[in-house]
Amino acid sequence: MERLHKYLARAGLASRRQAEEMIKQGRVKVNGAIVREMGVQVEPGRDAVSVDGALVIVKDEPVYVLLHKPVGVVTTMNDPEKRKKVTDLLKGVKTRVYPVGRLDYHTAGLLLLTNDGELAYRLTHPKYKVDKVYQAAIQGIMPEDALDKLTKGVLLEDGVSAPAKIRRIHKGPASVYEITIHEGRNRQVRRMFEAVGFPVTALKRVSFGPLKLGDLPAGAWRYLEDREIQVLKKACRYTEF
């Protein structure tokens, strides 16, 4: 037996958190009956589970893709403005995969896509504290008091950010700072820098947990190696269920 929301996540439909929302919204049926309660268990291969009327079938083979997202591409699966999506770049990936978290339209860098909903849930949930490292370009040089505020946490409209690690990696009229956070709020790094008076002019994510972007060209992708998958799972304390 397996909890319904975990079953949906393992099927690659969504993260575990998103699966819980699907259930609450009445979009999920088990053996033809709508289920809205959390904690319902199903038996894979025996119980018929559907979402929005479509039968859910768990795929046995999880897929893990690392993409160097370029600027000017959206991370959402559907875009009303018909802009290019990250999934449009995955030529040759036959399995439907979903982004783990988001990078905004103007942000480049490492993006993980997978059909492993449980892993996606753990990598994006703050309680697992998986580090994300960004390189942020600004105009000028930040004074020590601004750096100290970012290190300790700054007040944003959705609350105080968690403490971050930050260091300057290039000094000049346009300086570059490396910042490490484990939260995943919308446009968080940009908002943190704006809060201390230094708007970001360019932003790139260079690592996600143990994964490194390396020299992968913008717009290119590759499958994760088995070793990378294992260390990634270890980083978020993920064991098979």
Is K233 salt-bridged to E228, going by a charged N under 4.0 Å from an acidic O? no
Nearest atoms (heavy-atom pairs only) where L111 meets V100: CD1-O, 4.1 Å
After noting the C-alpha distance and the side-chain angles of R102 and T76, does the key distance pass the side-chain contact (heavy atoms from CB on, under 4.5 Å) rule? CA-CA 8 Å; R102 292 186 178 183; T76 53; 3.5 Å; yes
Starting at CZ of R27, measure out to CZ of R36 and round the result to the nearest 0.5 Å. 12.0 Å
Mind checking salt bridge (charged side-chain N to carboxylate O under 4.0 Å, His left out) for R16 and listing every partner two or more places apart, or none if nothing turns up? E118
Worked check of side-chain contact (heavy atoms from CB on, under 4.5 Å) between T107 and R190: CA-CA 10 Å; T107 298; R190 293 182 183 275; 3.1 Å; yes
Report yes if some heavy atom in the side chain of K204 is under 4.5 Å from a heavy atom in the side chain of H68; otherwise report no. yes
Which distance, rounded to the nearest 0.5 Å, do you find between the CG of L155 and the OG of S161? 8.5 Å
Minimal non-hydrogen separation, L103 against G109, with atom names: CD1-O, 3.8 Å
Within the distance-only criterion (no hydrogens, no angle test), does the side chain of K212 pair as donor or acceptor with the backbone N or O of S207 below 3.5 angstrom? no
Closest heavy-atom pair and its distance - G172, I141: O-CG1, 4.1 Å
May I ask you to check whether over 12 heavy atoms, not counting those of N78, lie within 6.0 Å of atom CG? no
Check V196 against K149 and note the closest heavy-atom contact, atom names and distance. CG1-CB, 4.0 Å
Check whether any side-chain N or O of T201 sits under 3.5 Å from a backbone N or O of A137 as a donor-acceptor pair, and report yes or no. yes
Side-chain donor or acceptor of N115 paired with backbone N/O of V97 under 3.5 Å: no
Please walk me through it: do R191 and E194 pass salt bridge (charged side-chain N to carboxylate O under 4.0 Å, His left out)? CA-CA 5 Å; R191 291 191 292 132; E194 288 169 2; over 6 Å; no
Do D79 and R83 meet the salt-bridge criterion of a basic N to acidic O distance under 4.0 Å? yes
Using the rule that Ile, Leu, Val, Met, Phe, Trp and Tyr join whenever any side-chain heavy atoms are under 4.5 Å apart, tell me whether Y64 and V130 fall into a single cluster. yes
According to the salt bridge (charged side-chain N to carboxylate O under 4.0 Å, His left out) rule, which pairs have a member within residues 160-174, sequence neighbours left out? R167-E178
Crowding at CD, E144 (>12 non-hydrogen neighbours, <6.0 Å): no
Which ring-ring contact (aromatic ring centres under 6.0 Å, His included) pairs, counting each pair once, include a residue from residues 114-137, with sequence neighbours left out? Y121-H125
Report whether I229 and L123 are members of the same hydrophobic cluster (ILVMFWY, side-chain heavy atoms less than 4.5 Å apart, transitive linking). yes
T114 versus V65: any side-chain heavy-atom pair under 4.5 Å? no
Around D215, counting heavy atoms of other residues, nucleotides and ligands shown, do more than 12 lie under 6.0 Å from its CG? no
Answer with yes or no whether the hydrophobic clustering places L147 together with I181; edges join I, L, V, M, F, W, Y residues whose side-chain heavy atoms lie under 4.5 Å apart. yes
Shortest non-hydrogen contact from V189 toward I179: CG1-CG2, 4.0 Å
Closest heavy-atom contact between A19 and H5? CB-O, 3.6 Å
Using side-chain contact (heavy atoms from CB on, under 4.5 Å), reason through V49 and L55 one step at a time and then give a plain yes or no. CA-CA 6 Å; V49 179; L55 187 65; 5.8 Å; no
So, do M22 and D52 sit near enough that their side-chain heavy atoms are less than 4.5 Å apart? no
Heavy-atom distance under 4.5 Å between the side chains of I166 and T180, does that happen here? no
Neighbour count above 12 (heavy atom, 6.0 Å) for R3 CZ: no
Do L224 and L211 have side-chain heavy atoms sitting under 4.5 Å apart? yes
Got a second to check how far L213's CG is from L66's CG, nearest 0.5 Å? 6.5 Å
Honestly curious: do V86 and L119 fall in one hydrophobic cluster under the side-chain, below-4.5 Å linking rule? no
Is V56 linked to V35 within one hydrophobic cluster, defined over Ile, Leu, Val, Met, Phe, Trp and Tyr using a side-chain heavy-atom separation of less than 4.5 Å? yes
Suppose clustering is done on Ile, Leu, Val, Met, Phe, Trp and Tyr with side-chain heavy atoms closer than 4.5 Å. Which residues sit in the same group as Y105? V74
Report yes or no: does S50 contribute a side-chain atom to a donor-acceptor pair with the main-chain N or O of G53 at less than 3.5 Å? no
So CG of L113 and OG1 of T87: to nearest 0.5 Å the spacing works out to 8.0 Å
Given the rule in the side-chain contact (heavy atoms from CB on, under 4.5 Å) test, do V160 and V154 qualify, once you have shown the distances and angles that lead to the verdict? CA-CA 5 Å; V160 178; V154 293; over 6 Å; no
Residue pairs passing the ring-ring contact (aromatic ring centres under 6.0 Å, His included) test where at least one lies in residues 186-231, sequence neighbours excluded: W221-Y223
For a 4.5 angstrom cut-off between non-hydrogen side-chain atoms, does P163 reach K152? no
Could you give the distance from CZ (R187) to CG (L203), rounded to the nearest 0.5 Å? 9.5 Å
Less than 3.5 Å apart, any donor N or O on the side chain of D116 or Y238 sitting next to an acceptor on the other? yes
To the nearest 0.5 angstrom, please state how far the NZ atom of K29 sits from the CG atom of D47. 15.5 Å
Contact check, side chains of Y177 and Q135, non-hydrogen atoms, under 4.5 Å: no
Does V206 sit in a hydrophobic cluster with other residues, and if so which ones, taking ILVMFWY side chains as linked at heavy-atom separations under 4.5 Å, directly or through other members? V133
Measure the shortest side-chain to side-chain distance between M192 and L156 over non-hydrogen atoms and say whether it is less than 4.5 angstrom. yes
Using a distance-only test with no angle check, is there a side-chain donor-acceptor pair under 3.5 angstrom linking Q188 and E183? yes
